[in-house]
Amino acid sequence: EVFTLNRVYNFSAGPSALPEAALEKASKEMLSYGSSGMSVMEMSHRSKDYEAIIGRAESLLRELMCIPDNYKVLFLQGGASSQFAMVPLNLMGKTGKADFVITGQWAKKAMQEAKRYGQANIIASSEDAVYNYIPELDESKFSKDASYFHITTNNTIYGTRYTKLPNTGDVPLVADMSSNILSEVYDVTKFGLIYAGAQKNMGPAGLTTVIIREDLIGNAMDITPTMFNYQIHADNGSMYNTPPTYSIYITMLVLEWLKELGGVPAIQKINEEKAAILYDFLDSSKLFKGTVVKKDRSIMNVPFVTGDNDLDAAFIKEAASKGFVNLKGHRSVGGMRASIYNAMLTEGVVKLVEFMKEFEAKNK
Ligand SMILES: *Cc1c(COP(=O)(O)O)cnc(C)c1O
């Protein structure tokens, strides 16, 4: 069915595959949304039609993630990378310090950017083993007076994820959830702030979502640019300036699809099944090997290698010719990486594993 539409199995780490139902709906509404006579792209963000779209996107996200009323949901731009600065500018002024766990390049960038605005403490790092595990955290090392404690819940490049959140007590836990938001159930009340670029697991590039506990708003440093102040966006319902209107609309369609499917608990079950299919094969294969310490394996990004660079390249090329695309690992790691976000069908993973078995048989 997928191939009759000439659609491939897209294992891209981001921007990544979107649910076909959402794309189909968008294509039907492309030239005229409802009775508006125009595309969502052509609409004023202050119009009634658009206000309904952004309102629905927010209420669906609140419903799907069980976001309590004392949290604001902000729809911003600038990517997760802008949050590396926006978080310290808004939160770090309280005590001038924040704690970081370095589990990959993104976590490191968050720490390096924060260092421009205060003291950034490294609590633990897995850099010694190319970030192939989540380090044990010694709570006695946590700064009691940190303004926040920053983690990356899922490490997109290396394929690790936290299976247990650090207990930071009264220090707000801040999470970069770009590559696993909405993939598994999280208790939002455990976090002071969650941010995510939309283009991995919730929509197109251009939208960055921030979920922030209200008491953390209003402490921005004086040097904070207006556009980087959470207060400005919270006070203006993410409409201080033009929001990324079309990205928010597509995200709304993705959230509708997810709700229809049974919400986050339902997709979590599917995601765990998909990941198990791939990991079980990797654990039994004589050719392919997973690169991550087992207990810390991501259910979103699955890196693997053959141990032979030429064979890796041949595999990636042959896979692409069969419709399994974007399997090349991140340039810093090499090998392969299958990103199997919410929109990747179980069928795609099953067929990928069938292909890997054939490839293994031919390359003994
Ligand atoms: C992709 C990614 C980023 C960078 O996102 P941009 O939106 O491109 O700035 C940051 N953190 C994580 C965990 C990511 O996966």
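Fair warning: this is a prediction, and the values are worked out from it, not measured in the lab. Start at 1 and go down the list; that is how both ligands and their atoms are numbered.
The closest donor-acceptor contact from the side chain of Thr152 to the backbone of Asp176 lies at 3.5 Å or more, if one exists at all.
Residue contacts with ligand 1 for Lys109 are absent, since no atom lies close enough (heavy atoms, distance under 4.0 Å). Residue contacts with ligand 1, taken as heavy atom pairs separated by less than 4.0 Å, involve Thr152 solely via side-chain atoms from C-beta onward.
Atom numbering of ligand 1 starts at 1 in the shown order; those under 4.0 Å from a heavy atom of Gly79 are 7 (O), 9 (O). Of all the atoms in ligand 1, the ones that sit under 4.0 Å from a non-hydrogen atom of Thr156 are 12 (C), 13 (C), 14 (C), 15 (O). Those atoms of ligand 1 with a heavy atom of Lys200 less than 4.0 angstrom away are 1 (C), 2 (C), 3 (C), 14 (C), 15 (O). Of all atoms in ligand 1, listed by their number and element, those nearer than 4.0 Å to a heavy atom of Gln199 are 5 (O), 6 (P), 7 (O), 8 (O).
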Task: CA sep, side-chain torsions, deciding dist, call: Ser143, Asn121, side-chain hydrogen bond (donor to acceptor under 3.5 Å, both in side chains) - done: CA-CA 8 Å; Ser143 313; Asn121 305 312; 3.1 Å; yes
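If you check each of Gly197, Gly206, Ala175, Ala80 against atom 6 (P) of ligand 1, the one with the closest non-hydrogen atom is Ala80.
Aromatic pair Phe324/Phe315: centroids not less than 6.0 angstrom apart. Within the 6.0 Å centre-distance limit, the rings of His150 and Phe100 are counted as a close aromatic pair.
Between Glu354 and Lys322, no side-chain nitrogen of the basic residue sits less than 4.0 Å from a carboxylate oxygen of the acidic one, so the salt-bridge criterion is not met. Classification of Arg62 and Glu58 as a salt-bridged pair holds, one side-chain N sitting under 4.0 Å from a carboxylate O. Contact check on Lys269 versus Glu273 returns a salt bridge, with a Lys/Arg side-chain nitrogen under 4.0 Å from an Asp/Glu carboxylate oxygen.
Considering backbone and side-chain atoms together, Asp176 places an N or O closer than 3.5 Å to an N or O of ligand 1. The N/O atoms of Ser81, backbone and side chain alike, include one that comes under 3.5 Å of an N/O atom in ligand 1.
By the 4.0 Å heavy-atom criterion, Gln83 is excluded from the residues contacting ligand 1.
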